[in-house]
Visitor: 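Here you go, one structure.
Chain letters run A, B, ... following the sequence lines, proteins first and then strands; every chain starts at 1.
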Amino acid sequence: MQKHSCQNCKIRSVAEEFLSPEEFIKLEANSAVVDFKKGDVIIRQKALSLNVVYLRTGLVKIHMQGPSKEKILRLVKAPSYLGIPTTFGDKINNYSVTALTDTTVCFIDASFFKMLTYGNGKFAYEIIIDLCKNELFDQQRHINQEQKQIPGRVAETLICMSEMLFSNSTFSLPLSRVELADLVGTSRESLSRILSQFSCEQLIKMNGSEIQILNKERLEMISQKG
DNA sequence: GCATTAACCACAG
DNA sequence: CTGTGGTTAATGC
């Protein structure tokens with residue numbers, strides 16, 4: 001186990017700004033830093049949940065095995081808490097979290113994390129803010145996926161990745177085609193076709209996992225009208 | 001009916 | 001693993 005100091009941590013969460021020195025000492029005693037490699041499962045669906053995770057560095061996918069196929073719910077980049085809903089809301093994890101890059105996380109004992117929220121309103125408030133933002137984001141994406149056609153969903157996903165994840169019009173897809181399809185909510189084949197279609201129309205440039213957005217305006221139009 | 005959309009299958013690189 | 005072509009089912013005009 002890595003040695004760590006929570007109070008001196010350079011990537012503390014917003015909520016942690018409201019912790020007292022005593023709480024930091026307790027947090028330190030109730031948490032552990034762990035490194036994961038790309039592809040490692042950090043939180044496993046159907047496993048007992050005994051901790052909350054704080055993603056310190058790296059990128060992960062939150063995904064869920066549905067009745068028929070796998071669904072990627074959301075990509076999350078550090079820093080962020082992971083697994084709060086499933087730890088507070090159920091004993092058993094409702095979803096998995098898998099590393100898309102090498103990552104460093106902090107496991108925090110669930111009952112201790114609950115104690116923190118009982119005793120520190122400002123800490124809890126920041127956690128709630130975070131959860132609410134995520135819920136709004138999920139609702140928005142859910143309704144978009146429900147009501148847009150596949151080109152619109154793909155365009156939206158590409159723009160979202162470019163803006164929210166990489167802040168760059170050129171980026172390296174952290175997902176395979178199958179995973180991207182699971183994120184967009186379509187088949188691998190349909191996704192593949194849409195991408196090559198976008199590429200033909202000079203909306204994007206693509207080789208392998210490298211994507212460059214060439215015509216964002218047009219992509220946004222496609223995203224809008226679904 | 002006819003056109004469009006998207007999933008499923010098969011196969012090739 | 002990924003791209004493409006053919007086929008099929010559902011939906012809308």
Side-chain angles (χ1 to χ4, degrees), chain A residues 35-47 55 57-78 82 93-105 137-226:
Chain A
D35 291 329
F36 285 100
K37 292 283 177 207
K38 177 178 173 166
D40 285 346
V41 178
I42 300 168
I43 294 175
R44 187 178 296 280
Q45 186 174 351
K46 293 171 116 174
L55 179 65
T57 64
L59 182 68
V60 301
K61 62 171 177 177
I62 298 179
H63 55 115
M64 193 179 233
Q65 183 62 50
S68 59
K69 60 183 163 68
E70 178 82 2
K71 170 74 185 164
I72 296 182
L73 299 170
R74 190 148 41 91
L75 303 185
V76 179
K77 78 171 173 183
L82 299 168
N93 289 323
N94 288 22
Y95 52 80
S96 297
V97 178
T98 301
L100 294 176
T101 63
D102 289 356
T103 63
T104 306
V105 308
F137 182 82
D138 283 347
Q139 288 169 345
Q140 189 63 54
R141 225 197 39 274
H142 185 253
I143 197 168
N144 287 348
Q145 289 208 353
E146 194 112 316
Q147 298 181 9
K148 283 181 187 177
Q149 294 184 335
I150 298 193
R153 291 188 231 164
V154 175
E156 173 185 285
T157 304
L158 291 178
I159 292 171
C160 181
M161 280 182 155
S162 153
E163 288 182 348
M164 315 269 291
L165 242 43
F166 301 101
S167 310
N168 197 324
S169 64
T170 305
F171 55 92
S172 178
L173 271 178
L175 302 171
S176 71
R177 298 298 142 118
V178 174
E179 288 175 309
L180 193 53
D182 289 340
L183 175 61
V184 171
T186 184
S187 66
R188 181 198 113 250
E189 297 95 321
S190 296
L191 176 90
S192 202
R193 266 185 256 270
I194 300 294
L195 283 180
S196 29
Q197 195 182 316
F198 283 177
S199 184
C200 274
E201 294 167 17
Q202 302 282 305
L203 303 179
I204 60 172
K205 197 165 128 193
M206 142 178 104
N207 53 22
S209 58
E210 296 294 320
I211 300 277
Q212 182 178 9
I213 293 185
L214 297 174
N215 190 340
K216 186 173 152 192
E217 292 70 32
R218 182 93 187 91
L219 277 179
E220 252 155 12
M221 255 186 61
I222 293 171
S223 170
Q224 297 288 310
K225 60 166 200 182

Visitor: Can you identify which nucleotide, out of dG5(C), dT2(C), dA7(B), has its nearest atom closest to the R193(A) side chain?
Guide: dG5(C)
Visitor: Report yes if at least one side-chain N or O of R177(A) is closer than 4.0 Å to OP1 or OP2 of dG3(C); otherwise report no.
Guide: yes
Visitor: Is a side-chain N or O of R177(A) found less than 3.5 angstrom from the main chain of R188(A), in a donor-acceptor match?
Guide: no
Visitor: In this structure, how many angstroms lie between the P atom of dC1(C) and the CG atom of L191(A), rounded?
Guide: 15 Å
Visitor: Rounded off to whole Å, could you give me the NZ-to-P distance for the K148(A) and dT5(B) pair?
Guide: 17 Å
Visitor: When the distance from CG of L195(A) to C1' of dC1(C) is rounded to whole Å, what number comes out?
Guide: 14 Å
Visitor: What contact category does S192(A) fall into here, base, sugar-phosphate, or nothing, at under 4.0 angstrom with non-hydrogen atoms?
Guide: base
Visitor: Quick check: closest heavy atoms across T170(A) and N168(A), and the distance to 0.1 Å?
Guide: N-OD1, 3.0 Å
Visitor: Can you find a side chain N or O atom of T186(A) that sits less than 4.0 Å from OP1 or OP2 on dA6(B)?
Guide: no
Visitor: Round to the nearest Å and state the distance from R188(A) atom CZ to dA6(B) atom C1'.
Guide: 14 Å
Visitor: Is a side-chain N or O of E210(A) found less than 3.5 angstrom from the main chain of N207(A), in a donor-acceptor match?
Guide: no
Visitor: Tell me: CG of L173(A) to P of dT2(C), nearest whole Å?
Guide: 10 Å
Visitor: Rounding to a whole Å, what distance do you find between I150(A):CD1 and dA7(B):P?
Guide: 4 Å
Visitor: Does a salt bridge link D138(A) with R74(A), judged by any charged N lying under 4.0 Å from a carboxylate O?
Guide: yes
Visitor: Phosphate oxygens OP1/OP2 of dC1(C): is one of them under 4.0 Å from a side-chain N or O of S176(A)?
Guide: no
Visitor: Measure the distance from NZ on K69(A) to C1' on dA7(B) and round it to the nearest whole Å.
Guide: 10 Å
Visitor: Find the distance Q149(A):CD to dG12(C):C1' and express it as a whole number of Å.
Guide: 11 Å
Visitor: Select one nucleotide: of dT2(C), dA7(B), dC9(B), the one nearest the side-chain heavy atoms of E189(A).
Guide: dC9(B)
Visitor: Identify the residue among R44(A), K38(A), H63(A) that makes a side-chain hydrogen bond (donor to acceptor under 3.5 Å, both in side chains) with T98(A).
Guide: H63(A)
